[in-house]
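These notes concern the structure reproduced below.
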Amino acid sequence: MEYLGWDQVETGAILPSFEKEIEDIASTPREERDYAPTNSYTASVADWRVFKPVYNRDICIDCQNCWVFCPDTAIISKDKKMVGIDYEHCKGCGVCAEVCPTNPKSLIMFAETVDNEEALASWPEKKKKEK
Ligand code: SF4
Ligand code: SF4
C-alpha cells in the first residue's frame, strides 16, 4: 500500500484505520489493534485543548452517557465500565460533562493547566434538591 502526504490525498480517497481487517474490534484491546499510519490514534491531536474533563471514579455510575455522546471517541470504556479519558484525543468540547447525570457530576471541565489531583480535591458537594 502506498501512503501519501496530507497534501497529496485526493478528494474521495479512503484512509484505512487498520493495517488489516480485525474480526472482533469491540473485544480487541486498543493496544492490540494494528493501527494504520493513516489513523490518528497513534498521534496526539489534542495539544490545542484549553479545558479538559476530569473524571471522578467515586461518583460515576457507569451509565456510559459520556461514551455515547463524546464526538471524538475520547472516553475510554471497557466492558461497560468507564475507565477514563484519552487526553491525546480529547478536544475539551465539554459534551461529556454536560451529559453526565450524577450529582455532583462525575466529569467536570477544568482549565488545562489545573492538575488532576488538585481538581479532584476541589470537587463540589452534592447539590440539595430545592423544595
Ligand atoms: S471533552 Fe469532548 S472530546 Fe473530550 S472526552 Fe469530553 S466529549 Fe469527548
Ligand atoms: S456520564 Fe458520568 S456517570 Fe455516566 S459513565 Fe460517564 S462519567 Fe460515569
Side-chain angles (χ1 to χ4, degrees):
M1 190 184 303
E2 185 190 357
Y3 288 106
L4 303 172
W6 65 269
D7 54 349
Q8 297 171 294
V9 176
E10 291 180 16
T11 307
I14 294 170
L15 304 179
S17 293
F18 304 103
E19 289 286 12
K20 54 180 186 281
E21 201 171 315
I22 300 179
E23 274 186 21
D24 185 5
I25 187 76
S27 57
T28 305
R30 288 171 163 225
E31 54 281 4
E32 287 175 23
R33 296 174 191 169
D34 197 5
Y35 290 101
T38 45
N39 188 310
S40 66
Y41 176 71
T42 51
S44 176
V45 288
D47 56 355
W48 45 265
R49 187 178 55 230
V50 179
F51 292 97
K52 63 178 174 182
V54 176
Y55 172 56
N56 191 327
R57 175 70 254 175
D58 294 345
I59 307 164
C60 176
I61 56 172
D62 292 307
C63 71
Q64 306 292 288
N65 261 8
C66 54
W67 181 78
V68 169
F69 283 96
C70 173
D72 220 343
T73 331
I75 298 289
I76 306 168
S77 175
K78 193 165 170 46
D79 299 329
K80 296 185 183 166
K81 296 273 180 202
M82 167 73 167
V83 175
I85 296 140
D86 174 359
Y87 282 126
E88 297 299 320
H89 295 87
C90 165
K91 305 293 189 303
C93 68
V95 169
C96 56
E98 193 64 35
V99 298
C100 180
T102 57
N103 177 12
K105 286 181 181 284
S106 315
L107 283 165
I108 295 180
M109 302 302 290
F110 284 85
E112 186 66 28
T113 49
V114 175
D115 181 72
N116 278 17
E117 290 302 316
E118 203 182 306
L120 287 168
S122 65
W123 215 259
E125 297 289 321
K126 182 174 181 167
K127 276 188 198 156
K128 287 188 181 148
K129 279 186 186 165
E130 286 178 24
K131 290 183 184 170

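Count residues from 1 along the sequence. All values below were derived from every heavy atom in this structure, side-chain atoms included, with hydrogens, water molecules and symmetry-related copies excluded. Just so you know, ligand 1 is whichever comes first in the structure, and atom 1 is the first atom listed for that ligand.
Between E112 and R49, at least one side-chain nitrogen of the basic residue sits less than 4.0 Å from a carboxylate oxygen of the acidic one, meeting the salt-bridge criterion. A salt bridge links D62 to R57: at least one charged side-chain nitrogen sits closer than 4.0 Å to a carboxylate oxygen. A salt bridge links D34 with K20: the closest approach of a Lys/Arg side-chain nitrogen to an acidic carboxylate oxygen falls below 4.0 angstrom.
Judged by distance alone, with hydrogens and angles left aside, the side-chain atoms of W123 form a donor-acceptor pair with the main-chain N or O of K105 at under 3.5 Å.
Remark: ligand 2 atoms within the under-4.0 Å shell around heavy atoms of N65 are 1 (S). Remark: ligand 1 atoms within the under-4.0 Å shell around heavy atoms of P71 are 7 (S). The distance from ligand 2 to the heavy atoms of T102 drops below 4.0 Å at these ligand atoms: 3 (S).
If you check which protein heavy atom lies closest to atom 3 (S) of ligand 2, you get I61 N, 3.5 Å. Ranking the protein heavy atoms by distance from atom 2 (Fe) of ligand 2 puts C100 SG, 2.4 Å first. Looking from atom 8 (Fe) of ligand 2 to the surrounding protein, the closest heavy atom is C60 SG, 2.4 Å.
Partners of Q64 according to the side chain to side chain donor-acceptor pair (under 3.5 Å) rule, which considers only residues two or more places apart in sequence or in another chain, are S77.
Under 2.8 Å from atom 2 (Fe) of ligand 2 lies no N/O/S atom of C63, from backbone or side chain alike.
Between F18 and Y35, the distance separating the two ring centers is shorter than 6.0 angstrom.
A distance of 9.0 Å separates CD1 of I59 from CG of N103, quoted to the nearest 0.5 Å. For the atom pair CG of D72 and CG of D86, the computed distance is 8.5 Å after rounding to the nearest 0.5 Å.
A side-chain donor-acceptor contact under 3.5 Å links N116 and K52.
Inside a sphere of radius 2.8 Å centred on atom 6 (Fe) of ligand 1, the protein N/O/S atoms present are C96 SG.
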